[in-house]
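Encoded as structure tokens, the structure appears first; notes follow it.
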Protein chains: 2
Amino acid sequence: METIEQVLESKNIRVTAMRLLIYKFLAENQVAVTLSDIENAFEKADRTTLYRTVKTFVEKDIVHQIDDGTGIVKYALCEQDCSCEIETDLHLHFHCNNCNETICLTEHKIPKIKVPNGFVSENINLVVKGMCDKCSGQ
Amino acid sequence: METIEQVLESKNIRVTAMRLLIYKFLAENQVAVTLSDIENAFEKADRTTLYRTVKTFVEKDIVHQIDDGTGIVKYALCEQDCSCEIETDLHLHFHCNNCNETICLTEHKIPKIKVPNGFVSENINLVVKGMCDKCSGQ
DNA sequence: GCAATAATGCAATTCCATTGCATACATTTT
DNA sequence: AAAATGTATGCAATGGAATTGCATTATTGC
């Protein structure tokens with residue numbers, strides 16, 4: 001089991017107290033979170049710092065960025081063996097219209113999508129919207 | 001062949017000069033357009049009017065709204081036989097990272113996506129990103 | 001034509017993302 | 001260990017797009 005420090009160092013991210021806290025926060029959340037979610041969790045910290053920290057994580061491929069159609073960017077830790085940047089490894093996301101949570105369905109890979117001649121597919125964003133298990137069960 | 005007036009009336013949208021113009025503009029564009037695109041095409045008109053006109057079109061199901069991940073909402077006329085609101089009829093969208101255009105691939109339907117037990121799928125947003133035929137051909 | 005209803009235009013606001021700059025911290029070098 | 005360098009953080013401000021309130025104008029039904 002890798003420590004968080006090791007994860008960060010292996011990606012050439014300097015270890016700071018703030019970054020460790022934010023990493024832990026992301027790891028604790030099974031759902032994708034917004035910047036505001038993070039901001040609420042760390043009220044003493046400045047929004048800019050949180051913003052840049054997460055941005056660094058995204059650039060260094062330890063967090064992936066999700067656009068679930070709400071207009072607000074969400075973030076989630078990548079899986080250990082995740083290679084988000086590679087098309088074939090992309091999983092899909094589920095956005096619950098009821099509780100407004102977005103969940104990574106990491107075990108659900110995106111099926112191969114055919115595009116017309118001349119089009120080159122580099123990346124796929126697939127968001128399923130509806131009702132999540134928690135909300136539909138009630 | 002239905003006239004634009006008939007299309008609008010059939011959806012209970014009051015026919016106005018502005019709405020006819022915006023409808024025509026959307027019909028002329030094969031690609032999905034942003035509010036700013038529309039604004040540039042009708043510089044005399046106010047942004048709010050354009051915004052509300054398109055919003056009305058979306059609500060009445062003659063335009064569908066696309067979230068291609070650029071952070072800016074795009075709009076495109078629905079096909080005549082389109083029923084966007086129904087999951088099985090959803091087509092996919094292609095966003096070109098080069099020319100920044102978003103195209104409706106209406107003939108490409110979204111494959112059936114499986115979601116885990118307890119999840120109810122109501123809607124699917126699928127955007128393929130890469131290089132469009134025009135850009136890859138050069 | 002008149003009253004009711006809806007569309008339009010202007011101004012202002014909200015919300016989130018993003019940047020500039022000064023300061024604090026950490027790492028490396030001597 | 002101190003100085004020098006580079007990076008992270010915090011504060012303030014900006015930008016861009018979506019959205020709303022309200023007054024005015026147009027359209028519809030009677």
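- Distance CG (A/Asp67) to C1' (C/dC16): 13 Å, rounded to an integer number of Å.
- Atom NZ in B/Lys55 sits about 7 Å away from atom C1' in D/dT19, given to the nearest Å.
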Could you go through nucleotides 12-15 of chain C and list every protein N or O atom that sits under 3.5 Å from one of its N or O atoms, giving the distance for each pair?
none

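- Between A/Tyr51 and C/dA17 there is no side-chain N or O to OP1 or OP2 distance below 4.0 Å.
- Residue B/Lys74 forms a side-chain contact (heavy atoms from CB on, under 4.5 Å) with just one option from B/Leu35, B/Val33, B/Val31, B/Thr34, and that option is B/Thr34.
- In this model, no donor atom of one side chain and acceptor atom of the other lie less than 3.5 Å apart for B/Asn123 and A/His95.
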Verdict with supporting geometry, B/Ile124 and A/Val127, side chain to side chain contact (heavy atoms under 4.5 Å, CB included): CA-CA 6 Å; B/Ile124 295 177; A/Val127 180; over 6 Å; no

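- With hydrogens and angles left out, the side-chain atoms of A/Thr102 and A/His93 include no donor and acceptor closer than 3.5 Å.
- Place B/Val15 and B/Arg47 on DNA chain D by their nearest nucleotides, and B/Arg47 ends up nearer the 5' end.
- Side-chain atoms of B/Arg19 do not come within 3.5 Å of backbone N or O of B/Thr53 as any donor-acceptor pair.
- The distance between atom CD1 of A/Ile66 and atom C1' of C/dA17, rounded to the nearest whole Å, is 17 Å.
- A/Ser36 places no side-chain N or O within 3.5 Å of a backbone atom of A/Glu39 that could act as its donor or acceptor partner.
- A donor-acceptor pair is defined here as one N or O able to donate and one able to accept, closer than 3.5 Å; no such pair exists between the side chain of B/Glu9 and the backbone of B/Gln6.
- Atom P of nucleotide D/dA8 and atom CD of A/Glu59 are separated by 11 Å, given to the nearest angstrom.
- For the segment residues 23-41 of chain B, the set of residues with a heavy atom within less than 4.0 Å of an atom of DNA chain C is empty.
- In B/Gln30, the CD atom is not crowded: 12 or fewer heavy atoms of neighbouring residues, nucleotides or ligands sit closer than 6.0 Å.
- Distance A/Phe42 CZ to D/dG10 P: 12 Å, rounded to the nearest Å.
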Evaluate the criterion ring-ring contact (aromatic ring centres under 6.0 Å, His included) for residue pair B/Phe42 and B/Phe25; output intermediate values, then yes/no. CA-CA 10 Å; B/Phe42 301 97; B/Phe25 176 74; 5.7 Å; yes

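- In this structure, the side chains of A/Asn117 and B/Asp133 stay at 4.5 Å or more apart for every pair of heavy atoms.
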So which protein nitrogen or oxygen atoms get under 3.5 Å of nucleotides 6-8 of chain C's nitrogens or oxygens?
unit_1: C/dA6; atom_1: O4'; unit_2: B/Arg14; atom_2: NH1; d: 3.3
unit_1: C/dA7; atom_1: OP1; unit_2: B/Arg19; atom_2: NH1; d: 2.9
unit_1: C/dA7; atom_1: OP1; unit_2: B/Arg19; atom_2: NH2; d: 2.9
unit_1: C/dT8; atom_1: OP1; unit_2: B/Thr16; atom_2: OG1; d: 2.8

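- Atom C1' of nucleotide D/dA8 and atom CG of A/Leu21 are separated by 14 Å, given to the nearest angstrom.
- Of the options B/Asn29, B/Leu26, B/Val7, a side-chain contact (heavy atoms from CB on, under 4.5 Å) to B/Leu77 is made by B/Leu26 and by none of the others.
- Protein atom CG of A/Asn12 is 17 Å distant from nucleotide atom P of D/dG6, rounded to whole Å.
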